[in-house]
Amino acid sequence: MKACSKVLAVVGARPNFVKTAPVLGELRRRPERFECVLVHTGQHYDDSMSQVFLEQLGVGEPDYLLGVGSGTHAQQTARVMERIEPVMQQLAPDVVLVPGDVNSTLAAVLVATKLGIPVGHIESGLRSFDRTMPEELNRIVADQLSDLLFIHSPEARENLLREGCEETRIHDVGNTMIDMLTVMRDLIAQQHATERYALNRGDYLLVTLHRPALVDGPRLADAVAALAEVARELPVVFPVHPRTRRAIEASGLDSHNNGVRLLEPLSYLEFLDLLTGAAGVLTDSGGVQEETTYLGVPCFTLRENTERPVTCTLGTNTLIGLAPERIAEIPALLAENSRESHIPPGWDGAAAGRIVDVLERTIAHRDGRVGAFA
Ligand code: UD1
C-alpha cells in the first residue's frame, strides 16, 4: 500500500450525512493511511437539511460544494455528474465512497466507474422490489457498478447474489447509521426536546412523511385527516420535510387547526431525542425504520413494502401499507403491542471501523495494479 491512499467521499442529502460521518471519523483517525476529501453535491441545501447536520455530526465543511440543488431526477442527476467529473479527474482518488440510494449516489457511481475509479457503496443490497421508487433504481445501478458492497443486513447478501454480484465484492460490515447513534447517545439525551415542545416522554406519536408516493398526491390530505383523529387521543408531533411542507401549503392543509403539531425540520440530535421518547413513530423514511428498531420504539411504516425487512422480522417495524386511513388505528395498535424485538447483528457501533479495515486490506492487495479492485 502506498503511504497514503486518497478516499473521496460523496454526500448530498440528509441521510447521507448520518451514514457517512462515522466513516469519515474513522478515516481521519488513520491519517498515516488515508487522506480524505469530502464532496457535497448540494442536493439538500437548506441549513436545516444540511448545515446543521454537518456541524452536529462532526463532518465539518466539505472540500467541494457542487451546489446542484433541486430539479427533476434527470436534471439533478445530470448536474451532479457534470460537476463531479472534473473533481474526480483532478483528484484521481484511490477509491470513491458513496452511501445509500439518493440521486447524488447514482450520479457519483456512474461518473467514478466510467473514470475507472473503484467505488465502495455503503448500505448496499437493500431492495424494496418496487421499481416505482426512484431509490430502488438508484440502488440497483449503484450495486451493479460498485466494487465494494458494504452490507448491513442478511437479506442484502441474498439480493446481491441473486443479481449476479460476486461474493468477493460483498462485505458484511454492519450499520454506520447505528454507529452514529451510539456515539451521540449522551448528547441526544441532553437535548430536552420533549420539554421544549411541551411533550411528555412516552406519550406522543412522532411523524415523518416525505415520499412522493404519499406526499405528491391525494393521500396526503387523508393522512393529515387521520393524524387529526389520532391527535384527539395522543399528541402528534410532525417535523415537516420541505417537500411535504410545500405540498401541505399548496393544498391549504396547514390552516386547519386540527391538533397536529407541524414543526420545521429538526436537527439530528433533537430529532433522535424526540424519537427516543416517543410512544410510537409513523414514517415512510428508511433510516427511521432502522433507528426505531435499534432503540426499541414501535414504528409504523406507511408503505406497501420496505427494503429493510429485518426491521419487521427482528425489530419494531410494522408495515401498515400506503393506506392513510390506517393511521387512525395506531393508538389501539400501541395499546395492544406486546412484541419482543431484537437488534440485528452488526448494528453495534463498530461498522465504520470494519469498512475502513476493508479499504485498507483491499487497497494493499491491489498495490501495483491499475483499475478496479481485484
Ligand atoms: C431525497 C431522496 C430520498 C431521501 C430524502 C431524504 C432522491 C431520489 N430522493 O428525497 O431518497 O429519502 O432525500 O430527505 O434522491 N427541498 C428544499 N430544501 C432542501 C432539499 C429539498 O426545499 O434542502 C425541497 C425542494 O422543493 C425539492 C424537494 O424538497 O424539490 C425534494 O428534494 P429532493 O432532493 O429532490 O428529494 P427528497 O424528497 O428530499
Side-chain angles (χ1 to χ4, degrees), residues 10-21 40-55 57 62 65-81 83-84 98-110 121-124 126-128 130-143 177 180 207-217 219-220 238-251 262-268 271-272 275 281 283-291 301-303 305-308 311:
V10 183
V11 291
R14 187 167 60 175
N16 292 171
F17 310 131
V18 187
K19 292 164 196 169
T20 301
H40 183 342
T41 66
Q43 176 171 346
H44 284 176
Y45 44 87
D46 287 356
D47 279 355
S48 61
M49 299 291 284
S50 175
Q51 191 59 28
V52 157
F53 281 73
L54 300 180
E55 284 166 15
L57 305 178
L65 185 52
L66 305 183
V68 301
S70 303
T72 66
H73 287 273
Q75 287 166 342
Q76 198 172 50
T77 309
R79 262 186 241 138
V80 176
M81 290 179 73
R83 294 181 196 187
I84 210 167
V98 295
D101 54 17
V102 302
N103 287 341
S104 300
T105 310
L106 171 70
V109 172
L110 279 170
H121 183 206
I122 301 168
E123 195 192 79
S124 170
L126 300 187
R127 295 291 180 270
S128 64
D130 175 359
R131 290 198 178 197
T132 65
M133 288 179 74
E135 293 82 2
E136 182 77 352
L137 307 177
N138 295 346
R139 287 190 279 261
I140 292 168
V141 178
D143 285 335
M177 199 168 226
M180 198 74 249
V207 179
T208 78
L209 299 170
H210 74 281
R211 300 248 170 235
L214 177 84
V215 165
D216 298 348
R219 291 189 182 95
L220 183 62
F238 185 177
V240 186
H241 183 288
R243 174 196 277 282
T244 315
R245 170 74 67 183
R246 222 180 33 189
I248 286 180
E249 284 173 0
S251 52
L262 301 181
L263 307 179
E264 291 304 308
L266 297 177
S267 71
Y268 175 78
F271 180 75
L272 264 294
L275 192 142
V281 178
T283 195
D284 59 2
S285 144
V288 172
Q289 295 172 53
E290 297 181 355
E291 288 162 336
T301 297
L302 196 65
R303 286 176 45 188
N305 49 56
T306 177
E307 60 290 327
R308 292 160 162 91
T311 60

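Computed from a predicted model, the values in this text were never measured in an experiment. Note that these values count all heavy atoms, side chains included, but never hydrogens, waters or copies made by symmetry. Every number for a ligand or one of its atoms is a count from 1 in the order of the listing.
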The protein heavy atom nearest to atom 26 (O) of ligand 1 is Arg246 NH1, 2.7 Å

For Met49, the atoms of ligand 1 under 4.0 Å from one of its heavy atoms are 23 (O)

- Ignoring hydrogens and geometry, is there a side-chain-to-backbone donor-acceptor pair from Gln289 to Ser285 under 3.5 Å? yes

closest protein heavy atom to atom 3 (C) of ligand 1 is Glu135 OE2, 3.2 Å

So for His44 against ligand 1, with non-hydrogen atoms under 4.0 Å, the contacting part is both

Interatomic distance, CE@Met180 vs NZ@Lys19, rounded to 0.5 Å, equals 14.0 Å

Residue, atom and distance of the protein heavy atom nearest atom 24 (C) of ligand 1 read Pro242 CB, 3.7 Å

Give a yes or no on whether the backbone of Gln76 and the side-chain of Asn103 come within a donor-acceptor separation of less than 3.5 Å.
-> no

Value for CE (Met49) from OG (Ser267), rounded to nearest 0.5 Å, stands at 12.5 Å

Polar side-chain atom of His121 near backbone of Gly100 as donor-acceptor pair, under 3.5 Å: yes

protein heavy-atom neighbour closest to atom 4 (C) of ligand 1 works out as His210 NE2, 3.8 Å

Among Val102, Leu106, Asp284, Leu137, the residue with a heavy atom nearest to atom 2 (C) of ligand 1 is Val102

Ranked by distance from atom 8 (C) of ligand 1, the top protein heavy atom is Asn103 OD1, 3.4 Å

among protein heavy atoms, the one nearest atom 27 (C) of ligand 1 is Ser70 OG, 3.1 Å

Heavy-atom proximity to atom 1 (C) of ligand 1 ranks first, among Gln43, Arg245, Arg211, Arg14, for Gln43

Ranked by distance from atom 35 (O) of ligand 1, the top protein heavy atom is Gln76 NE2, 3.6 Å

Only one of Arg303, Glu136, Arg308 passes side chain to side chain donor-acceptor pair (under 3.5 Å) with Ser128, and that residue is Glu136

Exercise. Looking only at N/O atoms, are His241 and ligand 1 under 3.5 Å apart anywhere?
Worked result: yes

Any heavy atom of Pro15 under 4.0 Å from ligand 1? The part involved is side chain

For Thr244, the side chain to side chain donor-acceptor pair (under 3.5 Å) test, sequence neighbours excluded, returns none

When rounded to the nearest 0.5 Å, the distance separating CD of Glu291 from OG1 of Thr283 is 9.5 Å

Logged contact type for Arg243 with ligand 1, heavy-atom cut-off 4.0 Å, is both

- [ ] Indicate the ring-plane relationship of Phe17 and Phe53, choosing parallel, tilted or perpendicular according to the 30° and 60° boundaries.
- [x] tilted

